K.L.:
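Take a look at this one; I'll ask things after.
As the structure is a prediction and not an experimental result, all values here were calculated from the model. In the text below, chain A, chain B and the rest are named by the order of the sequence lines, each starting its count at 1.
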2 protein chains.
Amino acid sequence: MGGMTGSPARTGANLGGRPAATSAHKLAEVAQELFLDKGFSETSVDDIAAAAGVSGRTFFRYFATKADVLWINTPIELDRVREGLEAAPAGERYQDTLCLVVPTAYVHSPRERVWALQRAELVIREPAVQAPMSPHLADFRDVVAAFVARRLDCDPADMVPVAVSASALSATMTAHEYWVSHPSEDLPSLIERMLRLMLPRLDGV
Amino acid sequence: MGGMTGSPARTGANLGGRPAATSAHKLAEVAQELFLDKGFSETSVDDIAAAAGVSGRTFFRYFATKADVLWINTPIELDRVREGLEAAPAGERYQDTLCLVVPTAYVHSPRERVWALQRAELVIREPAVQAPMSPHLADFRDVVAAFVARRLDCDPADMVPVAVSASALSATMTAHEYWVSHPSEDLPSLIERMLRLMLPRLDGV
DNA sequence: CAGGTTATGTCAGCCACTGACAAAAGTAAA
DNA sequence: TTTACTTTTGTCAGTGGCTGACATAACCTG
């Protein structure tokens, strides 16, 4: 499962208690600015917290690690992928469905693009960014594996769904990496091309 | 491009200087024992250094990070893969070559098996282990991409070699992950099956 | 024995991250 | 308004990974 993203969780109705001085999104926004300005490793957690007007300890009540601030939106994006896969016509070839649905999660507005590009570079370069990413990658694979297992009427833990979901993930990440060295290209179409190349053809299996 | 693995590098002939009190392999061996005994995160770098009879600072003269001690042998194994790919008959289908050569890098003697299994679990669970792994993964992909580019007479940075090398890596890692939850299976054959499933068929591309 | 070389130990320090606890700032009931 | 309860925040001390600076130990050559 993903991070913790918002530990001080106001559970439903407001029944007293000190109001939160910040929020996960506020911290993520501030961090994003600092990262774009000074760089990831040059920005300390205390810098982020200070810029958000809270103490350093509070940051870790909202995010488990410094890098988790990069993935605050991914659960929502993944939900869109999941819904897209569930809504796809059952007759469609599974590869076509994936090639159609997965890239839609990575369409960015021009202003988002700058941030997405820097984040992709960080994923490649910074070990501290790669480490806490794996739960999100696992979530992605789980969604794809569940979709494939449904189509093939088998267990998601079988080799085929596992292989397909790993391929889909690898294609997506490889497309991102390719995008970093070719920033003028369109990321969603890069992802689609990588998926077409890398998704297993299940005819003879 | 891997780690540093042996910073105090005696460059050729011995022309004086204090003799090394330890070695990268000695540290790796001691660390391996401690990891198997107490666990990775429960073992501090100072523990390893103390068990090897050196100071904690010295450890970091041999390894850039605590986890790098796990990958001390991978450059050699990768060399074997590279040589195997170079020696393969040119007429063979590229997928057959990869399915034949890659798994050979992961045949373990019974005693190595225990260690390899624990290391595979660490790769899945411990973020601190995943982080410094990426240079090694990049090396692996470079070797495969170079091989494919040679076969297809194109640039290793083109989409096809990039996609194939990413698939080969993903298949290898997925096989390891599958192995962890099915330890009785044979790792090399798992890798081969995953490669057969995941390697792109380049007929129509 | 002197001079050059290489590795090591010590020390101070940064930063990510954590547990414990007290204090702040709200709300609801008395 | 006072009291009690709730939730978040700040402070503080501490661990552990990791680094730079510097002195010193140990070896070789002359």
K.L.:
Under 4.0 Å from OP1 or OP2 of dA7(C): is there any side-chain N or O of T58(B) that close?
P.N.:
no
K.L.:
Base, sugar-phosphate, or nothing for T43(B), non-hydrogen atoms under 4.0 angstrom?
P.N.:
sugar-phosphate
K.L.:
Establish, with yes or no, whether the OP1 or OP2 oxygen of dC17(C) is under 4.0 angstrom from a side-chain nitrogen or oxygen of Y62(A).
P.N.:
no
K.L.:
Which listed nucleotide (dT8(C), dC18(D), dA16(C)) is nearest to the side chain of A21(B)?
P.N.:
dT8(C)
K.L.:
Rounded to the nearest Å, what distance is computed from the CG atom of residue D46(A) to the P atom of nucleotide dC14(C)?
P.N.:
12 Å
K.L.:
Between dT24(D) atom P and R18(B) atom CZ, what is the distance in whole Å?
P.N.:
13 Å
K.L.:
Separation of F60(A) atom CZ from dA20(C) atom P, in whole Å?
P.N.:
18 Å
K.L.:
Using a cut-off of 4.0 Å on non-hydrogen atoms, how would the nucleic acid contact of T22(B) be classed: base, sugar-phosphate, or nothing?
P.N.:
sugar-phosphate
K.L.:
Please check if the number of heavy atoms outside E29(A) that lie under 6.0 Å from its CD is greater than 12.
P.N.:
no
K.L.:
Just to be sure I understand the rule, does S41(B) reach a base, reach only the sugar-phosphate, or reach nothing, if contact means heavy atoms closer than 4.0 Å?
P.N.:
nothing
K.L.:
To the nearest angstrom, how far is D68(B) atom CG from dG17(D) atom C1'?
P.N.:
13 Å
K.L.:
Can you pull out how bent the helix from dG4(C)-dC27(D) to dA30(C)-dT1(D) is, comparing the axes over its first five and last five pairs, to 10°?
P.N.:
10°
K.L.:
With rounding to the nearest 0.5 Å, note down the distance linking NZ in K38(B) to CD in E33(B).
P.N.:
12.5 Å
K.L.:
For residues H108(A) and W115(A), determine if any side-chain heavy atom of one lies less than 4.5 Å from a side-chain heavy atom of the other.
P.N.:
no
K.L.:
I48(A) CD1 to dC17(C) P: how many Å, rounded?
P.N.:
10 Å
K.L.:
From the options dT9(D), dA25(D), dC11(C), select the nucleotide whose nearest atom is closest to the side chain of R57(B).
P.N.:
dC11(C)
K.L.:
Among the nucleotides dG17(D), dT9(D), dA7(C), which one has an atom lying closest to any side-chain atom of P8(B)?
P.N.:
dA7(C)
K.L.:
For the residue pair W71(B) and H136(B), does the interplanar ring angle fall in the parallel (under 30°), tilted (30 to 60°) or perpendicular (over 60°) class?
P.N.:
tilted
K.L.:
Counting the atoms with a prime plus P, OP1 and OP2 as sugar-phosphate, which does S44(B) contact under 4.0 Å by heavy atoms, base, sugar-phosphate, or nothing?
P.N.:
sugar-phosphate
K.L.:
What is the distance, to the nearest angstrom, from the NZ atom on K66(B) to the C1' atom on dG16(D)?
P.N.:
8 Å
K.L.:
Mind checking whether F59(A) and F63(A) have parallel, tilted or perpendicular rings, split at 30° and 60°?
P.N.:
tilted
K.L.:
To the nearest angstrom, how far is F59(A) atom CZ from dT18(C) atom C1'?
P.N.:
15 Å
K.L.:
Under a 3.5 Å threshold, yes or no: a donor from one side chain and an acceptor from the other, between E112(B) and S109(B)?
P.N.:
yes
K.L.:
Please give me the minimum heavy-atom distance between P156(A) and P161(A), naming the atom from each residue.
P.N.:
O-CB, 3.6 Å
K.L.:
Please report, rounded to the nearest Å, how far the P atom of dC18(D) is from the CZ atom of R61(B).
P.N.:
15 Å
